[in-house]
Amino acid sequence: MPDWLSAHPDIVTRIDTFLDVAAAVPDGGAHALGVNQVLVNEYKPGQGISPHEDGPAFRPLVATLSLGSHTVLDLHHYISPSTPSPPMIPTEGSVGRAIAAVPLGHVLLMPRSLFVLTGSAYTAHLHGIAERSADWVVRDESVQKDTVDADGAPPVVVANAGLLGDPKVQAAIQSDAGWTAERGTRVSLTFRHAEKVLKGGAFAMIGGRMQRT
Ligand SMILES: O=C(O)CCC(=O)C(=O)O
Ligand SMILES: [Fe+2]
């Protein structure tokens with residue numbers, strides 16, 4: 001990992017300490033996460049990432065720091081193959097498993113916020129970012145029902161509306177018009193723990209890089 005991730009400020013230690021407090025790890029206990037890898041992604045307005053799982057190569061606790069623009073992250077779920085004629089979206093990484101076309105939920109990721117993905121959200125669901133140049137967030141499904149924005153997208157309800165740090169954004173979401181914002185360039189830093197010994201043997205750590213075996 002480059003020095004700038006652990007100096008002025010020591011982001012890696014701060015994130016590990018924060019997660020230890022959240023997970024009630026006793027003093028001197030092993031870190032809940034133990035960051036040993038940081039993934040940097042850059043998104044230009046209109047760019048996203050298709051629904052995926054980060055998978056078993058990583059500890060099922062990841063923390064993503066958003067810098068630059070906000071974005072909306074979508075959580076998706078698999079649908080049972082026995083469900084009759086389910087609406088689906090094409091699968092990429094998850095061969096043979098159908099993903100519901102309508103996301104299960106949305107999370108508004110503001111600049112300088114930390115998003116923590118763990119539990120069944122990590123192990124049994126997918127996450128992705130829709131390719132949009134703007135986002136429109138409303139307080140509940142009844143607001144602006146059957147309305148779409150200039151790109152044809154309906155407004156979204158976010159699970160973390162009450163947790164946002166900016167009272168102006170909170171107030172706008174509660175208003176009848178909702179909160180809208182153009183996306184700018186966003187850089188995300190995802191702090192993870194890559195497991196060195198992996199069940200199933202699909203991947204191995206070779207020379208510090210993840211490679212398919
Ligand atoms: O940019 C983000 O917030 C998510 C990135 C992500 O899910 C990934 O790279 O696996
Ligand atoms: Fe991911």
Side-chain angles (χ1 to χ4, degrees), residues 1-2 4-5 11-12 14-16 18-19 22 32-78 89-95 97 99-100 103-137 153 156 158-161 163-166 169 181-195 198 200 202-203 205 208-212:
M1 282 194 286
W4 58 266
L5 284 165
I11 309 173
V12 168
R14 283 168 68 171
I15 286 174
D16 264 331
F18 170 75
L19 294 173
L33 178 55
V35 176
N36 67 1
Q37 191 204 65
V38 182
L39 173 71
V40 181
N41 288 355
E42 185 190 64
Y43 304 82
K44 299 287 185 200
Q47 290 183 329
I49 183 165
S50 44
H52 65 279
E53 289 184 61
D54 288 1
F58 305 100
R59 194 164 283 178
L61 171 67
V62 301
T64 301
L65 183 63
S66 292
L67 300 174
S69 177
H70 80 279
T71 199
V72 171
L73 183 118
D74 305 322
L75 285 168
H76 297 262
H77 61 294
Y78 292 106
I89 50 178
T91 52
E92 272 185 13
S94 38
V95 180
R97 297 190 72 187
I99 304 169
L104 200 57
H106 308 275
V107 185
L108 177 56
L109 304 183
M110 294 302 278
R112 300 169 63 88
S113 69
L114 189 72
F115 172 69
V116 178
L117 185 68
T118 190
S120 69
Y122 185 99
T123 56
H125 294 80
L126 308 97
H127 55 276
I129 296 170
E131 293 183 348
R132 290 218 186 99
S133 52
D135 291 291
W136 183 17
V137 180
V156 298
V158 297
N160 62 329
L163 296 172
L164 300 168
D166 185 339
V169 177
E182 299 282 324
R183 286 187 191 169
T185 297
R186 170 173 176 269
V187 173
S188 69
L189 303 180
T190 299
F191 298 81
R192 316 197 272 201
H193 181 99
E195 306 283 7
L198 299 168
F203 291 88
M205 284 290 280
R209 284 191 15 244
M210 296 300 295
Q211 293 190 350
R212 269 179 198 279

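When a ligand or atom number is given, it counts from 1 through the structure's own listing order.
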_I'd like to check whether Ser188 has a polar contact with ligand 1, where a contact means an N/O of the residue lying under 3.5 Å from an N/O of the ligand._
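Yes - when backbone and side-chain N and O of Ser188 are compared with those of ligand 1, one distance drops under 3.5 Å.
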*Flag Thr190 as yes when one of its N or O atoms lies below 3.5 Å from any N or O atom of ligand 1, and as no otherwise.*
no
*So, Ser188 versus Thr64: side-chain donor-acceptor pair below 3.5 Å or not?*
no
*If you measure only the distance, is there a donor-acceptor pair under 3.5 Å linking the side chains of Asp74 and His127?*
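Their side chains do not contain a donor-acceptor pair, so the 3.5 Å distance test is not met.
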*Are the side chains of Glu53 and Tyr122 in touch, meaning some heavy atoms are under 4.5 Å apart?*
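No; the side chains remain at least 4.5 Å from each other.
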*Under a 4.5 Å cut-off applied to non-hydrogen side-chain atoms, are Ile11 and Phe191 in contact?*
yes
*Metal-centred angle, the Fe ion (ligand 2) as apex - NE2 of His127, OD1 of Asp54, 10° resolution*: 90°
For [X], counting its heavy atoms only, list the atoms of ligand 1 lying under 4.0 Å from any of them.
X	result
Leu39	8 (C), 9 (O)
Tyr43	1 (O), 2 (C), 4 (C), 5 (C)
Asn41	5 (C), 8 (C), 9 (O)
Thr64	3 (O)
Arg186	1 (O), 2 (C), 3 (O)
His127	7 (O)

*Roughly how far, to the nearest 0.5 Å, is OG1 of Thr118 from CG of Leu61?*
4.5 Å
*Which bit of Phe115 gets closer than 4.0 Å to ligand 1, counting heavy atoms only: side chain, backbone, both or neither?*
neither
*Taking heavy atoms and a distance under 4.0 Å, where does Thr71 meet ligand 1: side chain, backbone, both or neither?*
neither
*Please confirm if an N, O or S atom belonging to Glu53, backbone or side chain, lies less than 2.8 Å from the Fe ion (ligand 2).*
no
*State, to 0.1 Å, how close Gly34 and Asp16 come at their nearest heavy-atom pair, and which atoms those are.*
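Heavy-atom minimum between the residues: N-OD1, 2.9 Å.
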_Using every non-hydrogen atom in the two residues, find where Gly184 and Ser69 come nearest and quote the distance to one decimal._
N-OG, 2.9 Å
*So which protein heavy atom does atom 10 (O) of ligand 1 come closest to, and at what separation?*
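I find the closest protein heavy atom is His52 NE2, 3.0 Å.
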*Measure from the side-chain N and O atoms of His52 to the backbone N and O of Ser50, and report whether any donor-acceptor pair falls under 3.5 Å.*
yes
_Electrostatic pair Glu42:Arg186 at N-O distance under 4.0 angstrom_ = no
